[in-house]
J.: 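Take a look at this one; I'll ask things after.
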Amino acid sequence: MQSKWWKILGILLILYSIIGGLLFPVPHLNILNETIRNLYFHVTMWFSMIFLMLFSMIQSIRFLNGFDKTKDLKAEAFASTGMFMGLLGLLTGMIWAQFTWGTFWVNDPKLNGTAVTMLIYLAYFILRNSIENDDSRARVSAIYNILAFVMMIVFIGVLPRMTDSLHPGNGGNPAFGNYDLNSGMRMVFYPAVIGWILLGVWVAQLRYRIKTLEINKENI
Amino acid sequence: MKSLIGTLICCLFFINSALAQAVGMADVMRSNGKIYVVVAVIAIIFIGLAIYLFRIDQRVKKLEE
């Protein structure tokens, strides 16, 4: 992962999604109007967050399988970058909701589930900071991180689908996959998702490397 | 670094080709409600952020060595 090509690829994919996302034709839908283009920017934040949290959980499992401290640091870096992406997703979603659903926050299961998810991951960081001993901090937070990921999938992936939700693809609402997301939109949406995941991994990698430098400095 | 410069050149070429047609009224940057201007602004901001990120990356790399 030291090579540079995937970082450039990520940047180029996002750049393509910005240009294509603003200029390419989109379906004309009531209420949504041009805001359907937010799909390329708002929804990709969530995809990026879910993948970063998945990578974080994988690092936690790898840590528990051999207690290699660097894996714990990687898990932390992925989780905090994922949290940041989630925060951006929440803020952009609130703006989108204000102009399509009428308020910044509706009692939608997906929104409330997201809020709970953010709190769960907030607890992860508080947990990390509250344990003084390095070894037990790494172990306890790794186990909690696995639980947090499962809870996230339940709260934003499963529960909103079981009740009524304003979000597409949930509670009887058609998903973008059915007819809203035509093939033209897919051509921008999927590259955008990949681009934002790559960018998230890059930022997480930077965070991990800086953290490693800090720790090495302390040990000298 | 070389690929970074390549990206920059590509970007400049894109803007340049858009500006080169600025003689008549029907050029890209002035048509269609000027949306291309907005696209160019956002693209430049994003490229700037990307370059900044690359420079942080290089700085960290230097510290690692």
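Here is the naming used below: chain letters follow the sequence lines, and residue numbers restart at 1 for every chain.
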J.: Take B/Phe54 and A/Ile8, measure what side chain to side chain contact (heavy atoms under 4.5 Å, CB included) needs, and give me the verdict at the end.
T.: CA-CA 9 Å; B/Phe54 266 111; A/Ile8 294 163; 3.6 Å; yes
J.: To the nearest 0.5 Å, tell me how far A/Trp202 CH2 sits from B/Ile56 CD1.
T.: 8.5 Å
J.: When rounded to the nearest 0.5 angstrom, what distance separates CD1 in A/Ile18 from CD1 in B/Ile47?
T.: 8.5 Å
J.: Above 12 or not: heavy atoms from other molecules or residues under 6.0 Å from CZ of A/Phe47?
T.: no
J.: Heavy-atom count around A/Phe41 CZ within 6.0 Å, excluding the residue itself: above 12?
T.: yes
J.: Flag yes if more than 12 heavy atoms outside A/Phe84 fall under 6.0 Å of its CZ atom; otherwise flag no.
T.: no
J.: Closest approach of A/Ile11 and B/Ala50, non-hydrogen atoms and distance?
T.: CD1-CB, 3.4 Å
J.: Strictly below 4.0 Å, N to O, side chains only: are B/Asp57 and A/Arg209 in salt-bridge contact?
T.: yes
J.: Rounded to the nearest 0.5 Å, what's the gap from CZ on B/Phe46 to CG on A/Leu15? Could you check?
T.: 6.5 Å
J.: Quick one, A/Leu199 and B/Leu53 - any side-chain contact, counting heavy atoms below 4.5 Å?
T.: yes
J.: Which residue out of B/Leu63, B/Leu49, B/Val60 racks up the most heavy-atom pairs below 4.5 Å with chain A?
T.: B/Val60
J.: Rounded to the nearest 0.5 Å, what separation is found between the CZ atom of B/Arg59 and the CG atom of A/Leu206?
T.: 12.5 Å
